[in-house]
Structure formats: C-alpha cells, structure tokens
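The structure under discussion appears below in the form of structure tokens.
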Amino acid sequence: MSGTVRVRIAPSPTGPLHIGTARTALFNALYARRHGGTYIVRVEDTDTARSTTAFEADILEGLRWLGLEGDEGVVVGGERGTHGPYRQSARTTRYAEVARQLLDAGKAYHCFCTPEALEAERAAREAAKLPPRYSNRCRSIAPGEAATRRAAGEPAALRFRIPDGPVVIDDLVRGRVEIDAATLGGDLVILRADGSPLYHFTVVVDDVDMGITHVIRGEDHLSNTPKHILLFEALGAPLPRFAHLPLILNADRTKMSKRKSQTALADYRAEGFIQEALINFLALLGWSTGSEDEVLSVGELEGRFDLDHVQRGGAVFDRARLEWLNGQWIRRLEPADLAARLRPFYDAAAADGRLGRPAGDGEIAALLPLIRERIQLLSAAVELTDFLFVAAPAVDPALLVPKRWDAATALAALEAARPILERGIGEGDPLLLEAEDPTEAALRGLAEERGWKAGDLFMALRVAVTGRTATPPLFDSMRLLGRAATLARLDAAAARLRG
RNA sequence: GGCGCGUUCGUCUAGCGGCCUAGGACACUGCCCUCUCAAGGCAGAGACCACGGGUUCGAAUCCCGUACGCGCUACCA
C-alpha cells in the first residue's frame, strides 16, 4: 500500500478565480476523495506586485461555493492543517533557508548579471537564431569571490545549477516524457536579487514540506516539470507522481483566456449557473466516466473518478452544454432549495428597478412550478415572471392582435373574456396546474361560439396581461397575478385597442 | 527558432486489434405533445477516426514519418 494521497491546488491571487483553476481544483479534490486523501489549498502569492487580498478572497469564496474548500490550507477566514503556513508570502524564511542549503551544497550560486546584461545576451542569441538560454557564466565565479562581492553590496540573484542529461517524467496521463536538461534555458533563478523566491522554487519547496504525493495540474506546466524534478532531486526529496491535464480552450482552440472567453467563475455564478452544474460540466471537460452517463452529482463523480480516463487533447469550453446541464440541475433541486437560490436574483432585480417591488417568499414559492421547467439560468426566472411584480407591463399594441385577427376582433375578444375571468379568477387563487380548469373551459367555449381559434384568444389575453408572447401557462399566470390586476390589464389593453 | 504535447461528428466524448458499415450527449432540423414558451418523447442530418506508410488474417485502436494545432521557452505564476 502506498502512502496516503495528498494533493493540492495552488492558485495565484493575481486575478479572480479562473474557470481553469476551478477545474484543476475539482480534479484534485475528486482524486483525493476517491482515494481517501487530503486536498490542500495553497496560495501562491510570491508575485507581490500583482497579488491582492481581494483576488484571494474571490478565489477562496469561489472554491467554497463550488464545494471545493481545502481539507487543509487556506480557507475563507483563515488556515487549517499542520503543514502550514499555506500562504507563500508567509514562508519566505523557509525559502531562504532551503536556498541557503542549496548554496552551501554547491547546487546553487550567486549570479551578478544585471537585467540589462541578461537582456543583451538574450537579444544576441536571438539575432544568431539560437534559442534563448542563460549562458551560466556566473557559475565560474569562485564562492569566495562571490561572497566578497555580496558583502560589498553588489546585488545578486541565486541560480540553481541545472545538471546535464535527460530528465524523465513518468506522467500519469501522458506516459513517459523525456526532456533534455540542456533545453531548459540554463541555470534557473530561484531567488531574485532582492531575495524574494520564484515560482519554480517555491512550488517544489512547498510540495516537499506539505508532503504532496500527486501533482495534478494543467498541461501548460508539463514543459516546466523537469525543472521541478531536478529541484526535488537536489533537495533529496522523494518525487511526487505527476498528472498533466488537458487545457481548457477558447473556441479557436487556444488556451482559454479572459480575452476570448468568460473565465471568471464569479461571472458564471452571477448569471445564475449553479454549483452542481458547474461541477458536473467541469468534471466532464477532459475526463469521462467511460460510460454514457452525463448528468452526475459530485458524489457520483467522487465514486468514479480516475486518472486513466483523462483525455489528452485540449477541450473547448462549450457554454451551450453548460447551460443544458444547468437546466438539468435546476430541475433536480428541491423546491425550497431552488427558491432560496432564486432569492438573490429577485432582490437584485428589485434593487435595480427591473421589478417594481421586491418578491415575497410566498410569491417565489408559488411561481416555482411555473418556471422550473422553463429556465436554464436562475437569472432567467426574473424575466419570465417580471409581469407579476410591475405595476403595469409595457404592452406593444401590435402584439395584442394575433396574426389571423384584426384589431376589432382582438378588442371584442378582450371584452368578451372579461366577465369570464372576473368570475373565474379570484384573488390569490392556488394554481390549477394539470387540473381541470373551468375558466379555461369557459373561454374555449367562447372561442368556439365566435369562431375563433382558442390559441388566438389565449395569445391576445397573454399579451394583454403579461406584455409578452412567451410566458408561463396563461391561467396559472393570471391566478398568481390576481383578479384585480388581471382585469385592470385587460381594460388597459382594451383601451389601447380602442385608441 | 528550440523543446514538449496533441489530433474520433460543429462541440464534449465512448472506443484501449475483430462486438465499429464508429456509440452517447450538447447544439441543429423535423415530428409528437401543447394556450405561447419550455420541459419531455420520437426521428434525422452530422466523423472516410488529420494525412501517408508500415505490422497483422484483421487497425480508430500497435509502430514510423508528415502536416497542422497548441503549450512552454522571465530576476510572472
């Protein structure tokens, strides 16, 4: 039996939670849960210029919303676990300590090259059509001399000595990948001249300290993995297993980017995508169960997840498919749950004026059955039912007259229907969904009597009452609206037809 | 430029030598249901499995090459 699985997701708070980060987090969490392991959230904020606490909060909050809060690591409001600190900005002394070990062991050295000198070197190589690569020229500076220059105050970065030879990655997704260390670009800077540590170094130190057993991340890191492997070896640490996931792609098949796609998780949430659908969708982006099942809960995903079925080619983010899944999951929610998730959308609409007044809890509960089957996004519920919460809907007179009719017919229809509705629609009637409806029957009788298509009559009434041609079922809508409002809208529409 | 990875319907994918004249899902089209819109049901169109060579009695599945695409190539992460 191998040791307990420990995996991690290491977001960098230089932007809001990215859909790709969420997917990587999910795969790590699924892997950990499947194997009874531990899933860790580590914040990689060594780039102090671009990292912000606001982004960190967005990321942690987003992960929590997805149900992907770490078992260990940084969580909303703090940290948990015994391998911390889990924020790289709090680990600088540790990095300095490990860097010192490398220096003392002769595996790292001070580099006095100035940024300008490095830039010139790079330009020269490019002009000569050679791949960019550091010359390793400071390797030859004797340790004593380096110490003297350092003591004199000359700034120096610390470079890790890249050994010669091939590096083999035994990837759980891609198999054996061999890369020659000579193509890695020369000795690697691990500490900037100001002493701050760089990414490739911190990841490895952290993965070692945190006992990471499996590194599951995007394919964009595959080319950098040899650097990490060499660092693990230099530190005398056991190698974790690596698994590189296919990239999530823009429609043009380039790596998904903010520029070409909607990448912020929070934006999807704000649109009314729900957590269950996002999880389901993301899990199936680059992985499959090997079966034909498509709608899967996180529990089912946990039970089935494995790295064997991870796809190797990149996967285009298909929003239409996400929307379909969202509709599937909305329909699977318990009514009370759906109502609670709808609440903020109605509140927001009331606040910004899209609705004339706030929606009551009872009202949302009542309209649930009308919209449940009709929305793919939570936000769409508001548009479908806004007629219930406005004083008077804006009615386009042209829509009031069904195609086969003229204005006079429409007016006659509204007038004839009025007494039937006045009798049939009460204030606060319960819905009649699926049941035998005497009001509907009466109106059908009226239509037959006058030689109208019932559908035309209903459409005229629909537009008069809601202002729209696509709405939830007409009679249930009118009952929810109530008798007074229904009749008032009928009268208003009739007045427009007369005028 | 160098190095690496990848390539099955528009998209997500099943497939791990014969069950494939390639299956499912989304999207699309039509029909049914129906007061509109949905949801649901049924049907259809859609992939010569990137291309070219091998290996094999037999290849989408194994090997080699080519093309194309993507990623990486910082004192960013």
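Every chain is numbered from 1, with letters handed out A, B, ... down the list of sequences.
- Across all strands shown, A/His309 has heavy atoms under 4.0 Å from sugar-phosphate atoms exclusively, and none from any base.
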Check the pair A/Thr466, A/Arg462 against side-chain hydrogen bond (donor to acceptor under 3.5 Å, both in side chains), reporting the backbone distance first and the verdict last. CA-CA 6 Å; A/Thr466 69; A/Arg462 180 192 317 285; over 6 Å; no
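- With a 3.5 Å ceiling on both atom-pair distances, B/U55 lacks any Watson-Crick or G-U wobble partner.
- Closest-nucleotide positions on RNA chain B for A/Leu247 and A/Gly314 were compared, and the one nearer the 5' end corresponds to A/Gly314.
- Atom C1' of B/U34 sits at a distance of 26 Å from the matching atom of B/A25, rounded to the whole Å.
- Within 4.0 Å of A/Leu474, counting heavy atoms only, lies at least one base atom of the nucleic acid.
- Side chain A/Ser223 to base B/G71: a donor-acceptor pair is found below 3.5 Å.
- Within the nucleic acid shown, A/Asp220 comes within 4.0 Å of sugar-phosphate atoms alone, with no base atom in reach, counting heavy atoms only.
- Annotation: B/C26 and B/A45 have their C1' atoms spaced 15 Å apart (nearest Å).
- If you take atom C1' in B/A22 and the same atom in B/U61, they sit 12 Å apart, rounded to whole Å.
- Taking the C1' atoms as reference points, B/C62 lies 27 Å from B/G24, given to the whole Å.
- Contact annotation: A/Arg331 does not reach the phosphate of B/A38 (side-chain N/O to OP1 or OP2, under 4.0 Å).
- Among the heavy atoms of the strands lying under 4.0 Å from A/Thr254 are primed sugar atoms or P, OP1, OP2 only; no base atom is included.
- Between A/Arg176 and B/G4, a side-chain N or O to OP1/OP2 separation shorter than 4.0 Å is absent.
- Contacts of A/Glu323 with the nucleic acid, taken as non-hydrogen atoms under 4.0 Å apart, are absent.
- Between the CZ atom of A/Arg87 and the P atom of B/A77 there is a distance of 17 Å, given to the nearest Å.
- Salt bridge status for A/Arg479 with A/Asp437: present, with a side-chain N to carboxylate O gap under 4.0 Å.
- Pair assignment for B/G10: B/C26, on the basis of Watson-Crick or G-U wobble contacts that are both within less than 3.5 Å.
- For A/Glu219 and A/Lys255, the salt-bridge test fails: no basic side-chain N is under 4.0 Å from an acidic carboxylate O.
- Not one side-chain nitrogen or oxygen of A/Arg468 sits closer than 4.0 Å to the OP1 or OP2 atom of B/U36.
- The residue A/Gly313 sits close only to the backbone: its heavy atoms come under 4.0 Å of sugar-phosphate atoms, none of a base.
- Between A/Leu399 atom CG and B/C37 atom P the separation is 14 Å, expressed in whole Å.
- Following rounding to the nearest Å, A/Arg174 (CZ) and B/C72 (P) show an atom-to-atom distance of 13 Å.
- Taking a cutoff of 4.0 Å between a charged side-chain nitrogen and a carboxylate oxygen, A/Glu440 and A/Arg444 qualify as a salt bridge.
- Between B/C49 and B/G44, the distance separating the two C1' atoms is 22 Å to the nearest Å.
- In this structure a side-chain-to-backbone donor-acceptor pair under 3.5 Å is present from A/Arg174 to A/His244.
- Comparing the P positions of B/G2 and B/U11 gives an interatomic distance of 29 Å, to the nearest angstrom.
- Salt-bridge formation is not detected for the pair A/Arg100/A/Glu97: no Lys NZ or Arg NE/NH1/NH2 atom is positioned less than 4.0 Å from an Asp or Glu carboxylate oxygen.
- Using a 4.0 Å heavy-atom cutoff across all strands shown, A/Ser288 reaches sugar-phosphate atoms only and no base atom.
- In this structure, A/Thr46 reaches the sugar-phosphate backbone alone: every heavy-atom distance under 4.0 Å involves primed, P, OP1 or OP2 atoms, never a base.
- Taking atom P on both B/G46 and B/C33, the two are 28 Å apart, rounded to the nearest angstrom.
- Proximity note for A/Glu44 (side chain, C-beta onward) versus B/G71, B/A77, B/C37: the nearest is B/A77.
- Between A/His228 and A/His200, the two ring planes are tilted [angle within 30° to 60°].
- Among the atoms of the strands shown, only primed sugar atoms or phosphate atoms (P, OP1, OP2) are found under 4.0 Å from some heavy atom of A/Gly290.
- Listed pair A/Lys255 / B/C72 meets the phosphate criterion, a side-chain N or O lying under 4.0 Å from OP1 or OP2.
- Comparing A/Arg312 and A/Arg374 against RNA chain B, the residue whose closest nucleotide sits nearer the 5' end is A/Arg312.
- Using a 4.0 Å heavy-atom cutoff across all strands shown, A/His221 reaches at least one base atom of the nucleic acid.
- Using a 30° and 60° split on the angle between ring planes, A/Phe242 and A/Phe232 fall in the perpendicular class, above 60°.
- Rounded to a whole angstrom, the distance from the P atom of B/U66 to that of B/A59 is 24 Å.
- One cannot find a donor-acceptor pair under 3.5 Å joining the base of B/C70 and the side-chain atoms of A/Arg253.
- Within the nucleic acid shown, A/Ala193 comes within 4.0 Å of at least one base atom, counting heavy atoms only.
- Nucleotide B/G4 is matched to B/C70 when pairs are restricted to Watson-Crick or G-U wobble geometry with both distances under 3.5 angstrom.
- Within the nucleic acid shown, A/Arg133 has no heavy atom closer than 4.0 Å to any nucleic acid atom.
- Spacing between atom CG of A/Leu307 and atom P of B/C16 amounts to 20 Å, rounded to whole angstrom units.
- A/Gln328 comes within 4.0 angstrom of the backbone, heavy atoms only, and of no base.
- For B/U61, there is no paired nucleotide, since no Watson-Crick or G-U wobble pair has both relevant distances below 3.5 Å.
- No contact: A/Gly327 has no heavy atom under 4.0 Å from any strand.
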